[in-house]
2 protein chains.
Amino acid sequence: MTASAARADTRISPRKRAGNGAARRIDADEIGLDALVGHAGYAVRRFQIWIFQDFVKTLGDVDIRPTQYSVLTVIGANPGLSQMAVAKRLGIERARLVHLLDSLEQRKLVKRVKSKADRRSHALHLTTQGETALAKFKRLAAEHERHVEAKIGKENRERLLQILAGFT
Amino acid sequence: MTASAARADTRISPRKRAGNGAARRIDADEIGLDALVGHAGYAVRRFQIWIFQDFVKTLGDVDIRPTQYSVLTVIGANPGLSQMAVAKRLGIERARLVHLLDSLEQRKLVKRVKSKADRRSHALHLTTQGETALAKFKRLAAEHERHVEAKIGKENRERLLQILAGFT
DNA sequence: GAAGATTGTTGTTGACGACAACAATTGTCA
DNA sequence: TGACAATTGTTGTCGTCAACAACAATCTTC
């Protein structure tokens, strides 16, 4: 590929010409993205930021972040799992999970039970307090999910989940 | 919502029962996620991690990360933009953009030109070297995009871009 | 001309992914 | 059985990234 062939994508958009010294004020929404549009990664990143912020805001009162929620959900659905198993399932490094569990255990939502079968590992359980708390978190998470629906549309959300089902 | 109603989602899956002391070995792919499946944010996060890693790997030889690529693309398509304009357009904090541009300027891909019109701001331009480099980056990014197609399917990728078009 | 807003910069904080090293324990296999 | 390799939880470091806060220089507005 030659430089002139590349220049076809790189050429500045015709509707403006800022020049070297900057001329007039330019709004963010009139700046061309060119090749950036059409990149799945960029769209996904922006969407991920939006969805993340809405989750944090919606679960703000209970002070639960997405990763913490995923850990609680998996433990709640599979009591007795080891830290390794949870980390593998969620794609979290086991080193990172240590701090997450430290925090959740400090808040009395999770407890680490020394495993009889394998004395290296811990069996993870929700506390009673953790179970009732998780129930509340799930209600708030469902509310957040409705925000997503309102943003991209009900059918689009379901289609999205279907497309990305292989990554869960 | 009562606690018993919540327990319906929280109940452990019937096909295993780890108990409190851990019993047999459990593979990661047989751990139930329950409510986590059906959360758009979780699926998007996992997908975003995958796509990010593939981008970094595919553009590994030229040592360009997704954010750097987006900055170069926007500057290439809109020469003369201020740092504020680029930051706003890409949803990056202007404080963060400073370091990104420091790195790109050090690699002689971008130059900050003192603006005549507004002496507070810098007009951003690609260097000649930066333009030819960006052309190569775009070829590699296109290759990455083909990886995405191979992963989720051509039509699913296009559908995804369509659904998320509002966030770009 | 004074007051307020904007731009680029520096710094801090915290979440997060990646990696390396370590002790305790378990598994393997010669 | 005993030596060696693998696993588990932990600690630590490093770099990326979002979110703030503060600041000097400059522009805008009245």
Side-chain angles (χ1 to χ4, degrees), chain A residues 22 24-28 41-42 45-46 48-57 59-60 63-71 80-88 90-105 110 112-124, chain B residues 22 24-28 41-42 45-46 48-57 59-60 63-71 80-88 90-105 110 112-124:
Chain A
R24 63 189 190 79
R25 201 141 299 270
I26 299 179
D27 287 349
Y42 181 71
R45 170 178 162 264
R46 296 299 296 260
Q48 211 267 336
I49 291 176
W50 181 90
I51 212 171
F52 183 88
Q53 287 174 337
D54 185 84
F55 188 100
V56 171
K57 192 193 306 173
L59 296 239
D63 192 30
I64 287 291
R65 298 177 61 81
T67 312
Q68 295 175 314
Y69 178 77
S70 68
V71 170
L81 283 186
S82 70
Q83 298 186 193
M84 250 329 268
V86 172
K88 263 188 201 160
L90 290 177
I92 303 174
E93 289 218 31
R94 66 185 200 274
R96 167 118 189 81
L97 187 60
V98 172
H99 300 296
L100 286 168
L101 288 175
D102 284 348
S103 162
L104 294 175
E105 202 170 25
V110 168
R112 286 187 250 224
V113 180
K114 291 209 293 185
S115 169
K116 304 281 184 185
D118 187 339
R119 281 162 37 211
R120 293 171 301 181
S121 68
H122 295 154
L124 301 175
Chain B
R24 62 188 190 79
R25 201 141 299 272
I26 299 179
D27 287 349
Y42 181 71
R45 170 178 162 263
R46 296 298 296 260
Q48 212 266 336
I49 291 175
W50 181 90
I51 212 170
F52 183 87
Q53 287 174 337
D54 184 84
F55 188 100
V56 171
K57 191 194 306 173
L59 294 244
D63 192 29
I64 287 291
R65 298 174 63 79
T67 313
Q68 295 175 313
Y69 178 77
S70 68
V71 170
L81 284 187
S82 71
Q83 298 185 192
M84 247 335 261
V86 171
K88 263 188 202 160
L90 291 177
I92 303 174
E93 289 216 32
R94 65 184 200 276
R96 166 125 189 77
L97 188 58
V98 172
H99 299 296
L100 285 168
L101 288 175
D102 285 348
S103 162
L104 294 174
E105 202 170 25
V110 167
R112 285 187 250 225
V113 179
K114 291 211 293 185
S115 170
K116 303 283 184 185
D118 187 340
R119 282 165 34 214
R120 293 172 301 180
S121 69
H122 295 155
L124 301 175

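Proteins get letters first, then strands, A, B, ... in listed order; numbering begins at 1 in each. Not measured: the values here are computed from a predicted model.
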Q.
Nearest heavy atom decides the nucleotide; on that basis, is Ser82(A) or Phe52(B) closer to the 5' end of DNA chain D?
A. Ser82(A)
Q) In terms of the nearest nucleotide of DNA chain D, which residue is placed more toward the 5' end: Leu101(A) or Arg119(B)? A) Leu101(A)
Q | Under 4.0 angstrom between Gln83(A) side-chain N/O and dT10(D) OP1 or OP2 | A | yes
Q) With respect to the side chain of Val98(A), which nucleotide from dT7(C), dT10(D), dA18(C) is positioned closest? A) dT10(D)
Q: Whole angstrom is fine here: how far is it from CE in Met84(A) over to P in dT25(C)?
A: 19 Å
Q: Let me know, please, whether Pro66(A) or Ala95(B) comes out on the 5' side of the other along DNA chain C by nearest nucleotide.
A: Ala95(B)
Q | Residue-phosphate contact under 4.0 Å: Arg45(B) side-chain N/O, dG17(C) OP1/OP2 | A | yes
Q: Using only side-chain N and O atoms of Arg96(A), determine if any of them is under 4.0 Å from OP1 or OP2 of dC16(C).
A: yes
Q) Quick one: does Arg45(B)'s side chain have a donor or acceptor within less than 3.5 Å of a partner on Thr67(A)'s backbone? A) no
Q | Euclidean distance, atom CG of residue Leu90(B) to atom C1' of dA18(D) [Å, nearest integer] | A | 15 Å
Q: Measure the distance from CD1 on Ile92(B) to C1' on dT9(C) and round it to the nearest whole Å.
A: 16 Å
(Q) With a 4.0 Å limit, can you tell me whether Thr67(A) has a side-chain N or O closer than that to the phosphate oxygens OP1/OP2 of dC16(C)? (A) yes
Q) Does the Glu93(A) side chain pair with the main chain of Ala87(A), one donor and one acceptor, at a distance under 3.5 Å? A) no
Q: Tell me whether the centres of the aromatic rings in Tyr42(B) and Tyr69(A) are closer together than 6.0 Å.
A: no
Q: Let me know the distance between NE2 of His99(A) and P of dG9(D), rounded to the nearest Å.
A: 14 Å
Q: Compare side-chain N and O positions of Arg94(B) against OP1 and OP2 of dA18(D) and report whether any pair is under 4.0 Å apart.
A: no
Q.
If I take atom OG from residue Ser82(B) and atom NZ from residue Lys88(B), how far apart are they, to the nearest 0.5 angstrom?
A. 8.0 Å
Q: Grab the CG-P distance between Asp63(B) and dG15(D) for me, whole Å please.
A: 13 Å
Q) In whole angstroms, how far is the P atom of dG8(C) from the CD atom of Glu93(B)? A) 14 Å
Q) When the distance from NZ of Lys116(B) to P of dT26(D) is rounded to whole Å, what number comes out? A) 14 Å
Q: For Ile49(A), report the nucleic acid contact type (base, sugar-phosphate, nothing); a contact means any heavy atom under 4.0 Å.
A: sugar-phosphate
Q.
Output the rounded distance in Å from CZ (Arg120(B)) to C1' (dT6(C)).
A. 4 Å
Q. Would you find a donor on one side and an acceptor on the other, under 3.5 Å apart, between the side chain of Gln68(B) and the backbone of Arg65(B)?
A. yes
